[in-house]
Structures are given as structure tokens and as C-alpha cells.
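Since the structure comes first, as C-alpha cells, the remarks are kept for the end.
As the structure lists them, so they are numbered: ligands from 1, and atoms in each ligand from 1.
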Amino acid sequence: MAETHIPLIDLRAQRERLRPRVDRAIARVLDRGQFVLGSEVEELEERLAALAGVEAAVTCSSGTDALLMVLLEAGIGPGDAVFVPAFTFISTAGAVVLAGATPVLVDIQPDTYLLDAASLERAVDAVRRTDLEAAAVIPVDLFGQPADYEAIGAVAREHGLLVLCDAGQSFGAGRDGRRVGGFGDATATSFFPTKPLGCYGDGGAVLTRDRERAARLRALRVHGCPGEGDDCARVGINGRLDTLQAAVLLEKLALFEEELAARRRVAQRYQKALDGCVETPRVAAGAESAWAAYTVKHPDRDRLARELAQRSIGCRVYYPKPLHHHTAYRERSVIAVDLGASESAAGRVLSLPMHPYLSAAEQDRVIETVRAAGKG
Ligand SMILES: *Cc1c(COP(=O)(O)O)cnc(C)c1O
């Protein structure tokens with residue numbers, strides 16, 4: 001008998017839980033007839049800022065636009081070097097190139113997949129010997145765990161770099177008693193449907209402790225114009241959030257803390273059962289991951305993926321290539337340091353089913369399959 005499919009990420013259980021509330025919220029927006037920005041967006045921004053413990057949240061059309069707005073607001077452009085991990089989602093570097101700046105690739109820590117501060121230090125030293133201006137670093141909270149902001153912050157302070165955080169996978173996560181959004185100068189996050197907090201389309205936000213920065217970001221979100229009829233002092237983008245997406249996110253926020261706890265329980269169970277048979281993800285002391293993905297490492301990753309597929313278990317490689325192996329970034333990024341840990345991770349990682357509604361029975365099937373394949 002064919003086994004039922006276990007998806008990598010399952011959005012249906014949450015849809016069922018929220019069906020009447022979300023359907024009513026959507027109907028309210030449609031009946032009122034305002035579709036871009038508006039009261040739901042304002043309420044959402046207050047709730048996001050409160051949850052992250054920061055002064056302001058500026059929502060926008062996607063996580064990528066959030067990154068781009070942060071870079072534009074900081075005045076980063078041609079001639080500037082922006083340090084990014086080589087092992088990340090493509091848009092971390094895409095936003096840098098779109099802003100006109102140059103991504104300088106930095107290696108990761110092999111066990112957390114997070115940007116390595118020692119590698120950053122070496123990359124900054126190398127850039128100092130070029131014509132580029134070392135302007136900013138974008139630490140990425142890969143798979144949901146906040147980057148090592150203490151170590152990165154120390155390097156950034158020493159060299160005068162802005163710390164612009166890519167929290168595309170980590171809204172709700174924390175480290176050393178602080179939540180994502182409170183680290184660095186500004187933090188970009190994403191509400192793409194499969195992220196820990198996802199809407200039903202594209203969406204994102206910038207979190208910051210600086211209200212004036214937030215005001216400038218609000219102008220950049222609407223073509224750079226502070227208000228209708230005002231002078232456009234800067235060139236901005238069309239980066240607004242749809243009212244419908246804000247209405248959906250407000251309903252989902254009601255379950256968010258509970259869902260984060262459920263993800264944590266799933267991760268702990270994986271960790272206990274899989275330790276020693278595959279390399280399980282390391283969470284730093286004092287860090288709380290949002291568990292956007294549960295990613296293991298295995299020397300024969302492709303065989304592990306085949307065995308999972310055979311038992312109808314969803315899995316995926318995030319990410320099969322480091323940035324500099326992509327055609328668009330081969331020439332546009334600078335490689336000044338060894339990227340061995342990024343290369344090695346790309347060849348060995350595999351993400352297993354992870355979502356708040358993964359049942360114990362489903363998880364047992366995943367564990368059993370991984371353990372069997374891990375031995376062989
Ligand atoms: C998803 C993601 C982004 C981009 O978010 P979008 O909303 O898809 O544009 C950026 N960085 C990381 C690390 C992400 O996971």
C-alpha cells in the first residue's frame with residue numbers, strides 16, 4: 001500500500017484551524033475596498049514591533065524588498081562592499097547588487113551554517129587593500145537561528161560597518177535575551193507563505209529600534225515620497241504591503257507563539273532521535289531558533305534524499321550551490337577568503353519535514369527512514 005505523503009512544509013492544518021477567522025478577515029477587506037496599506041497594515045506594524053521588542057516595524061512587499069529598502073536607506077551603492085555569507089538564499093546578495101553595491105563573500109561556521117566572524121574579519125582586511133569601501137555586513141539567520149550578533153557586532157564596530165540583518169527565516173527567534181529585530185541597525189524579514197510567519201502571497205517587513213530610520217523607510221516604500229504631493233528627496237521603490245496580506249497575518253499572529261513552541265518540540269525530538277546517525281544542527285547556547293527548516297548533514301546526502309522520496313517523505317536541499325557558483329554572481333561578487341565550509345555545506349545538507357503540525361507518527365516515519373539510510 002502506498003504511504004501517505006509527508007510534505008516538507010504543510011500549510012493545510014493551519015488553514016483549517018484559522019478558516020473562519022481568515023475568511024471573515026478577507027471579506028472585511030474586500031467589503032471595505034482599500035487594498036494597499038490601510039488600517040490592517042498599521043495594526044500589523046504595531047503588533048510586529050511589539051513582538052520583536054523594537055520601536056518600529058515597516059511592512060513591505062517582500063523580504064527581498066525589505067533588504068533593498070534597508071540598503072537604500074543606509075545610502076549604500078556603487079563602490080561599497082557589503083559582506084554576505086556565501087551560503088544563503090540568493091536574494092541576500094541580489095539586493096546588494098540591485099542597490100549598486102558589491103557583495104563580498106564570507107564563509108560560515110560548519111555546524112550552525114551562520115556567518116563566521118573570523119572569516120568576516122579576514123574579508124574586511126582583504127577589502128581594505130582594494131578600491132571598495134567596507135560599508136556593511138548582512139548576517140543571515142539561516143534556517144531560523146539568529147547569527148552570532150555579538151561576535152559580528154564586535155568586528156563591525158571595529159571597522160565601522162553597518163549591521164543589516166537578514167531575518168528572512170527567523171522572525172520570532174531570539175538570542176541572549178533579545179528577539180530578532182533588536183540586533184544590528186535594521187532587520188529585514190519575509191512573510192513568504194512557507195516562512196515561520198507567512199501570509200498568502202508575498203510580504204515582508206523591516207524592524208528597527210530607530211524611529212527616524214523607520215520614517216525614511218516608509219518614504220522609500222512609496223517611491224521615496226514622504227506623502228502625496230511632497231517632494232521626493234530620494235529614489236524609492238513600490239514596496240507596499242497589500243491590505244489582504246496584513247489581515248491574514250494578523251489572524252496568524254494569534255497562533256504564532258504557540259506554533260514556534262510546536263516547531264521547537266519537533267526539533268528537539270529530531271535532535272534526540274537523529275544525533276549520531278546524521279549531523280544534526282547545532283543551536284548556540286542562549287539562542288532560540290524559529291526552526292524555519294530542520295537541516296541535517298550527511299556525506300551521502302543524495303542517497304538519503306532518494307530513500308526519503310521512496311517513502312513519500314518531502315525533503316529539499318537548501319541550498320545546493322553557494323552564491324559564487326551561480327552565473328549571475330560569479331562575476332558580480334568578490335571572493336577574498338576561503339569559502340570551504342560553504343562549499344562543503346552545499347554538497348551535504350538536506351532539510352527534513354518541519355512545521356508546527358507535524359504529527360508524532362509522521363515524524364517517526366521520517367526518523368526511521370533517516371536512521372536506516374544513515375547507517376547504510
Ligand atoms: C525568504 C528569504 C529572503 C527573501 O524573502 P522574499 O519574501 O522571498 O523576498 C531573503 N533572505 C532569506 C535568508 C530568506 O530565507
Side-chain angles (χ1 to χ4, degrees), residues 8-9 11 44 48 57-72 82-99 103 105-106 108 112-115 136-149 152 163-173 180-181 183-184 186-207 221 237-242 244-246 248-249 252 263 281 289-295 316-323 326 328-329 333 342 345-346 349 351 354-355:
L8 182 66
I9 295 173
L11 299 174
L44 175 66
L48 295 173
V58 179
T59 56
C60 61
S61 42
S62 70
T64 305
D65 283 342
L67 282 168
L68 180 57
M69 282 166 41
V70 161
L71 290 162
L72 294 176
V82 178
F83 300 90
V84 300
F87 187 66
T88 179
F89 182 52
I90 199 83
S91 91
T92 313
V96 174
V97 173
L98 289 174
L105 306 186
V106 176
I108 55 165
T112 61
Y113 310 107
L114 301 172
L115 187 134
V137 54
I138 306 185
V140 178
D141 303 341
L142 206 69
F143 305 137
Q145 177 174 197
D148 186 353
Y149 287 106
I152 293 165
V163 179
L164 309 173
C165 315
D166 182 347
Q169 303 177 1
S170 63
F171 184 72
V180 159
F183 305 104
T187 297
T189 192
S190 165
F191 304 126
F192 186 75
T194 53
K195 307 286 171 143
L197 179 64
C199 54
Y200 289 141
D202 277 305
V206 180
L207 305 158
R221 170 173 76 174
I237 64 172
N238 174 1
R240 297 167 298 216
L241 183 69
D242 290 345
L244 281 174
Q245 302 307 340
V248 168
L249 284 167
K252 289 199 182 195
R263 284 175 186 274
S289 178
W291 294 108
Y294 187 87
T295 304
R316 230 170 112 184
V317 178
Y318 295 110
Y319 297 91
K321 292 201 273 195
L323 286 177
H326 286 275
Y329 295 94
S333 55
S342 299
V349 289
S351 298
M354 166 54 83
H355 60 86

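For Phe83, there are no ring pair (Phe, Tyr, Trp, His ring centres under 6.0 Å) partners at least two apart in sequence or on another chain. Listed by chain and number, the residues in a ring pair (Phe, Tyr, Trp, His ring centres under 6.0 Å) with Tyr113 are Phe143 (sequence neighbours excluded). In terms of the side-chain hydrogen bond (donor to acceptor under 3.5 Å, both in side chains) criterion, Ser289 has no residue partners (sequence neighbours excluded).
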*Under the side-chain contact (heavy atoms from CB on, under 4.5 Å) rule, what do Phe171 and Leu48 come out as? Steps first, then yes or no, please.*
CA-CA 9 Å; Phe171 184 72; Leu48 295 173; 3.7 Å; yes
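Side-chain contact between Leu115 and Val140 is absent, with no heavy atoms from C-beta onward closer than 4.5 Å.
Without hydrogens or angle criteria, Lys252 side chain to Leu197 main chain gives no donor-acceptor distance under 3.5 Å.
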Extract all N/O-N/O pairs under 3.5 Å that connect ligand 1 to the protein, and present each with both atom names and the distance rounded to 0.1 Å.
{"unit_1": "ligand 1", "atom_1": "5 (O)", "unit_2": "Ser190", "atom_2": "OG", "d": "3.3"}
{"unit_1": "ligand 1", "atom_1": "7 (O)", "unit_2": "Gly63", "atom_2": "N", "d": "2.7"}
{"unit_1": "ligand 1", "atom_1": "7 (O)", "unit_2": "Ser190", "atom_2": "OG", "d": "2.7"}
{"unit_1": "ligand 1", "atom_1": "9 (O)", "unit_2": "Gly63", "atom_2": "N", "d": "3.3"}
{"unit_1": "ligand 1", "atom_1": "9 (O)", "unit_2": "Thr64", "atom_2": "N", "d": "2.9"}
{"unit_1": "ligand 1", "atom_1": "9 (O)", "unit_2": "Thr64", "atom_2": "OG1", "d": "2.5"}
{"unit_1": "ligand 1", "atom_1": "11 (N)", "unit_2": "Asp166", "atom_2": "OD1", "d": "3.0"}
{"unit_1": "ligand 1", "atom_1": "11 (N)", "unit_2": "Asp166", "atom_2": "OD2", "d": "2.8"}
{"unit_1": "ligand 1", "atom_1": "15 (O)", "unit_2": "Gln169", "atom_2": "NE2", "d": "2.8"}
{"unit_1": "ligand 1", "atom_1": "15 (O)", "unit_2": "Lys195", "atom_2": "NZ", "d": "2.7"}

